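Some notes on the structure that comes next.
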Amino acid sequence: MRYSIEAKDGGSYDVVVCGGGTAGVAAAIAAARAGATTLLVERTFTVGGMLTLGDAGITKFSEHCRDAEVYKKEVLDVLGTNPRSVQVAGGIAHEYVERMISRGGALGTHGEAGSYVFPDRYCAQWTLMDMLAEAGVEVLYDTRVCLARMEGNTVTGVVVANKEGFVEISAKRVIDATGDADVAAQAGVEFHKGVTEEDLREGCGNRIGQMMAFGTMFRVCGVNFARLYRYLEENPDRFWQHEFGVMTLENAKQSHENGEMSVMRVLVDLPDGTSRPMQIYNMPARDEAVLLGPYCGYEGDGLDARSISQGQKAIQEGVQKLMALLRDYPGFEDARVIFVPDVGVRETRHIVGEYVMTGMDVISGRDFEDSIACGGHPVDVHPLPPEVENMPMNHWRFHIPYRITVPKNVENLLVAGRCVSATRMASGSLRTTVQCMAVGEAAGMASAMSVAAGVTPRCVDIAALQRKLVEAGAIL
């Protein structure tokens with residue numbers, strides 16, 4: 001069935017950023033600071049995406065080490081004396097965290113951004129709104145992108161839908177930060193969905209089309225951390241070291257007592273007689289925590305409306321199941337749920353760009369001539385080949401090339417966030433919040449530069465882009 005629509009004129013901008021999540025806000029701020037008239041289009045009523053609406057925290061600012069004692073001594077403790085020597089991200093993401101820590105709205109490590117930073121939700125939202133306003137970004141909330149406006153193979157704007165109906169917005173450059181590559185798909189950019197043959201060859205998947213499960217990290221209050229730590233000290237077999245936060249029980253307890261970021265996992269007994277780990281992240285409010293554990297996942301398709309709806313219901317029910325198990329868990333007897341985010345979609349489309357970043361690029365720490373950001377988060381996708389699962393890591397980081405944001409055969413469009421051009425294994429490290437913000441900042445800067453120079457984003461002077469990013473505090 002075919003329909004024709006009439007769209008109102010929504011104006012013209014140098015840069016339109018579609019999606020106000022982690023990548024989108026950084027892209028919009030960077031573009032506006034670089035002098036471009038910038039519009040940010042966001043489908044919800046707030047900005048920040050997984051940072052504000054998903055309770056996912058801000059990760060990861062620091063290099064990674066697998067040994068907890070090495071990590072504490074050579075990374076986490078160094079954050080208090082020489083943070084730039086061990087951090088992998090700066091720029092807008094770091095500025096954002098600094099503002100929140102100074103306001104008491106986020107927990108860091110020695111007053112700095114480290115492996116994880118968990119903020120107060122309102123502080124996280126308002127700080128971003130502040131930064132967007134200061135930069136001069138116009139934001140359209142409750143607005144969803146419907147169509148990419150094309151002239152040949154060139155994107156010239158987007159059509160959006162909101163309370164006004166359909167609105168056509170002209171743009172010299174468009175940044176797709178939707179997470180699902182919605183604009184890129186509308187523009188005809190080649191993409192793949194979930195696991196491909198290449199992913200199977202990398203040992204990262206069980207079947208073609210497989211995608212990471214939905215999930216949710218939910219917030220509780222009324223946690224008695226003193227009682228929880230006493231229980232774990234008396235029952236050390238119930239403590240599991242966090243795979244990415246890498247803290248011993250002693251380090252986690254001390255960090256919490258110091259009012260700093262503490263991350264850990266504990267074993268929870270299930271009705272079937274098995275035990276599974278639950279992740280615990282402390283918050284600025286002393287009795288609050290963000291949890292991720294059993295029953296908090298769902299195998300679904302993030303591009304299928306019914307699947308998302310079923311996942312939302314299943315995950316909400318899963319939170320109730322987990323909380324029922326925690327009623328007798330020391331420290332959680334009086335805990336109650338205060339926020340459950342919308343279903344979290346981890347993986348859908350990956351565009352095909354000028355370069356497809358591979359798992360080997362990530363785990364080898366390969367540098368690139370067009371590097372625009374760094375990362376330090378290990379691959380968070382399963383299954384993984386044993387050589388990756390068990391590889392030694394000491395002061396490990398990886399580099400991110402500009403070309404993965406540039407789609408093949410479509411002009412005036414850049415892509416930022418979890419849908420960049422990468423294999424599934426590489427995406428397992430690229431999709432984390434700090435790395436999305438760093439790539440978003442580069443995409444925003446590049447878009448503004450391309451407008452000023454009168455060239456397409458594909459032809460941006462990479463050396464000049466890198467200089468401007470470094471001047472802005474980015475780490476390449």
Side-chain angles (χ1 to χ4, degrees), residues 55-57 59-60 62 64-73 75-76 107 109 114-118 212-213 215-220 223-257 260-283 288-297 318-319 321-333 335 346 376-384 386 388-394 396 428-429 432:
D55 264 346
T59 178
K60 177 174 184 171
S62 56
H64 187 68
C65 299
R66 279 218 163 117
D67 183 280
E69 293 302 334
V70 172
Y71 195 47
K72 180 181 186 304
K73 181 180 178 181
V75 177
L76 297 182
L107 294 180
T109 302
S115 59
Y116 283 78
V117 177
F118 268 78
M212 291 191 71
T216 193
M217 300 174 71
F218 66 99
R219 189 170 300 216
V220 298
V223 181
N224 187 329
F225 276 97
R227 178 164 168 71
L228 173 62
Y229 280 117
R230 282 197 303 272
Y231 169 73
L232 294 174
E233 287 173 331
E234 294 167 0
N235 301 271
D237 59 316
R238 308 301 286 173
F239 173 85
W240 270 32
Q241 183 175 293
H242 193 284
E243 186 178 3
F244 306 132
V246 197
M247 283 185 165
T248 63
L249 175 57
E250 180 184 357
N251 291 345
K253 180 185 177 185
Q254 189 62 57
S255 293
H256 182 266
E257 290 175 350
E260 297 185 337
M261 195 65 229
S262 169
V263 295
M264 61 180 173
R265 296 186 293 180
V266 300
L267 283 180
V268 176
D269 296 329
L270 304 187
D272 64 4
T274 63
S275 298
R276 289 177 59 192
M278 177 179 73
Q279 298 176 29
I280 304 173
Y281 306 85
N282 64 329
M283 302 299 301
E288 288 186 13
V290 167
L291 307 180
L292 173 63
Y295 309 122
C296 292
V319 169
K321 289 182 182 178
L322 178 54
M323 289 305 294
L325 295 180
L326 294 180
R327 288 194 188 110
D328 298 321
Y329 205 102
F332 287 95
E333 298 94 335
R346 293 185 172 99
H377 200 291
V379 180
D380 187 13
V381 170
H382 298 284
L384 285 175
V388 175
E389 192 83 57
N390 303 313
M391 66 176 285
M393 290 180 169
N394 187 34
W396 176 82
S429 292
T432 55

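Just so you know, these numbers come straight off a predicted model, no measurement behind them.
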For side-chain contact (heavy atoms from CB on, under 4.5 Å), just list the numbers for V266 and Y231, CA-CA rounded to whole Å, side-chain angles, deciding distance to a tenth of an Å, and then say yes or no.
CA-CA 11 Å; V266 300; Y231 169 73; over 6 Å; no
Could you give the distance from CG (L384) to CE (M391), rounded to the nearest 0.5 Å?
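The CE atom of M391 is 11.0 Å from CG of L384, to the nearest 0.5 Å.
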Interatomic spacing from OH in Y116 to CE in M247 - rounded to 0.5 Å
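CE of M247 is found 11.0 Å from OH of Y116.
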Please collect all salt bridge (Lys or Arg N to Asp or Glu O under 4.0 Å) contacts where either partner lies in residues 265-281, sequence neighbours excluded, each pair once.
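Counting only pairs at least two positions apart or across chains, the salt bridge (Lys or Arg N to Asp or Glu O under 4.0 Å) contacts touching residues 265-281 are R238-D269.
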Output all residues satisfying ring-ring contact (aromatic ring centres under 6.0 Å, His included) with F239, sequence neighbours left out; order by chain, then residue number.
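Testing F239 for ring-ring contact (aromatic ring centres under 6.0 Å, His included), a comparison that skips the adjacent residues, returns none.
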For F218, ring-ring contact (aromatic ring centres under 6.0 Å, His included) partners two or more places apart:
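Checked F218 against ring-ring contact (aromatic ring centres under 6.0 Å, His included); zero matches.
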Got a donor-acceptor contact below 3.5 angstrom from the D67 side chain to the E69 backbone?
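Flag set: sc D67 to bb E69 pair under 3.5 Å.
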Under the 3.5 angstrom rule, does the side chain of S429 hit a backbone N or O of H377 as a donor-acceptor pair?
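Judged by distance alone, yes, a pair lies under 3.5 Å.
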Where does the angle between the aromatic ring planes of H242 and F244 fall among parallel (under 30°), tilted (30 to 60°) and perpendicular (over 60°)?
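The rings of H242 and F244 stand perpendicular, inter-plane angle above 60°.
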Validation row: V223, I280 side chains within 4.5 angstrom (heavy atoms):
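Not in contact.
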Report yes if some heavy atom in the side chain of F332 is under 4.5 Å from a heavy atom in the side chain of V268; otherwise report no.
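They are not in contact (no side-chain heavy atoms under 4.5 Å apart), so the answer is no.
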More than 12 heavy atoms of other groups within 6.0 Å of E389 CD
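Yes, enclosed.
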Within a 6.0 Å radius of atom CG on D237, are there more than 12 heavy atoms belonging to other residues, nucleotides or ligands?
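Atom CG in D237 is packed in, count exceeds 12.
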State, to 0.1 Å, how close [X] and [Y] come at their nearest heavy-atom pair, and which atoms those are.
{"X": "A68", "Y": "Q241", "answer": "CB-OE1, 3.4 Å"}
{"X": "N282", "Y": "F118", "answer": "O-CB, 3.8 Å"}
{"X": "C65", "Y": "V70", "answer": "SG-CG1, 4.1 Å"}
{"X": "G428", "Y": "V381", "answer": "CA-CG2, 3.4 Å"}

With sequence neighbours excluded, what pairs up with [X] under the salt bridge (charged side-chain N to carboxylate O under 4.0 Å, His left out) test?
{"X": "E233", "answer": "K253"}
{"X": "E333", "answer": "R227"}
{"X": "E260", "answer": "none"}

Run S115 and Y71 through side-chain contact (heavy atoms from CB on, under 4.5 Å) and show every step you take.
CA-CA 10 Å; S115 59; Y71 195 47; 3.0 Å; yes
One pair to check against side-chain contact (heavy atoms from CB on, under 4.5 Å): V290 and M283. What are the steps and the verdict?
CA-CA 7 Å; V290 167; M283 302 299 301; 3.7 Å; yes
Any donor-acceptor pair under 3.5 Å linking the side-chain atoms of T59 with those of Y281?
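Result is no, nothing qualifies.
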